[in-house]
Amino acid sequence: MTPAEYNKVVDLYSDNVYRFILKNLRDKEKSQDVVQDSFEKLWINVEKVNFDKARSYLFTTAYRTMIDAIRKEKYKSSWDATETLLHAHSEQYSDVGEILEKAIMQLPDDQRSAIMLRDYEGYSYKEIEEITGLNEAQVKVYIYRARLFLKNFIGQPEVLI
């Protein structure tokens, strides 16, 4: 196809392609972008495309470009929604630190000591055994029971509200 034939294709089909894309996208700016991208692709392949097949090539290219734009928009919107959820802020006040402290105060002394030494201070089981005078199996059981209690306590919706 020659540049003169390309210009003729633009004159003949630009409005039809635009209306076709606009009916599907229902967005003027996005439709214009798709049509422009389609004519750009036609121009890039102007020497490979026969003038008689230009209409078919142009509509096929516009359709595929439109599908790509829709997919990109869906991906972008799902990504934006994910970011919004990650950074969401609740209007209600709930200080998890206060709730956790309240829960820890309800633990039996042995469990509270073991969990505080392990999770807050970072001591190993062996070191906790030496500090508390409990054997290692008891330390592990107390920590497990304390974590289970804390999980159940914090997991209650009425506690967080």
* To do: Please assess E29 against D27 for the test side chain to side chain contact (heavy atoms under 4.5 Å, CB included), listing each intermediate value before the final yes or no.
  => CA-CA 6 Å; E29 288 80 20; D27 184 330; 3.2 Å; yes
* Structure fact -> The reported gap from CG in L22 to OG in S31 (rounded to nearest 0.5 angstrom) is 4.5 Å
* Asked: Under 3.5 Å, side chain of E127 to main-chain N/O of S124, donor-acceptor pair present?
  -> yes
* **Within-4.5 Å side-chain heavy-atom neighbours: T132 and D110** => no
* Is there a donor-acceptor pair under 3.5 Å between the side chain of N135 and the backbone N or O of Q138? -> yes
* To do: State the OG1-CD distance between T65 and Q36, to the nearest 0.5 angstrom.
  => 11.5 Å
* Asked: Taking it one step at a time, do V34 and L25 satisfy side chain to side chain contact (heavy atoms under 4.5 Å, CB included)?
  -> CA-CA 10 Å; V34 168; L25 289 181; 4.0 Å; yes
* To do: Find out whether V46 and L42 are in side-chain contact, i.e. whether some heavy atom of one side chain is under 4.5 Å from a heavy atom of the other.
  => no
* Asked: If we ignore angles and hydrogens, is there a donor and acceptor under 3.5 Å between the side chains of Y57 and N45?
  -> yes
* List in chain and number order the residues that pass ring-ring contact (aromatic ring centres under 6.0 Å, His included) with F149, two or more places apart in sequence or in another chain; answer none if no residue qualifies. => F153
* Asked: In Å, rounded to the nearest 0.5 Å, how long is the span from CD1 of I115 to OH of Y144?
  -> 12.0 Å
* To do: Considering non-hydrogen atoms only, spot the tightest contact between F39 and Y13 and give its length.
  => CZ-C, 4.4 Å
* Can L12 be reached from W43 by stepping across I, L, V, M, F, W or Y side chains whose heavy atoms are under 4.5 Å apart? -> yes
* Asked: Between atom OG of S38 and atom OH of Y63, what is the distance when rounded to the nearest 0.5 Å?
  -> 13.0 Å
* Asked: If we only count heavy atoms from C-beta on, is the K126 to V139 side-chain gap below 4.5 Å?
  -> no
* Asked: Can you tell if the side chain of I104 reaches within under 4.5 Å of the side chain of E101, non-hydrogen atoms only?
  -> no
* Asked: How many angstroms lie between CG in L58 and CG in N16, if you round to the nearest 0.5 Å?
  -> 9.5 Å
* **Minimal non-hydrogen separation, I131 against L117, with atom names** => CG2-CD1, 4.0 Å
* So do the side chains of I143 and Y125 get within less than 4.5 Å of each other, counting heavy atoms only? -> yes
* Kindly give the heavy-atom pair with the smallest separation between M1 and E5, and that separation in Å. => CA-OE1, 3.1 Å
* Backbone of R118 reached by a side-chain donor or acceptor of E121 within 3.5 Å -> no
* Asked: Is any side-chain N of the basic residue among E136 and K140 closer than 4.0 Å to the acidic one's carboxylate O?
  -> yes
* Indicate the atoms forming the closest heavy-atom contact of V17 with A62, along with that distance. => CG1-CB, 3.6 Å
* Structure fact -> CG (D109) and CD (Q111) are apart, to the nearest 0.5 Å, by 10.0 Å
* Structure fact -> Heavy-atom nearest pair, S56 first then T60, reads O-OG1, 2.8 Å
* List the atom of R112, the atom of M105, and the distance in Å for their closest heavy-atom pair. => NH2-O, 3.6 Å
* Can you find a pair of side-chain heavy atoms, one from M66 and one from N24, that are under 4.5 Å apart? -> yes
* Determine, using the 4.5 Å side-chain heavy-atom cutoff (strictly less than), whether L107 and L148 are members of one ILVMFWY cluster. => no
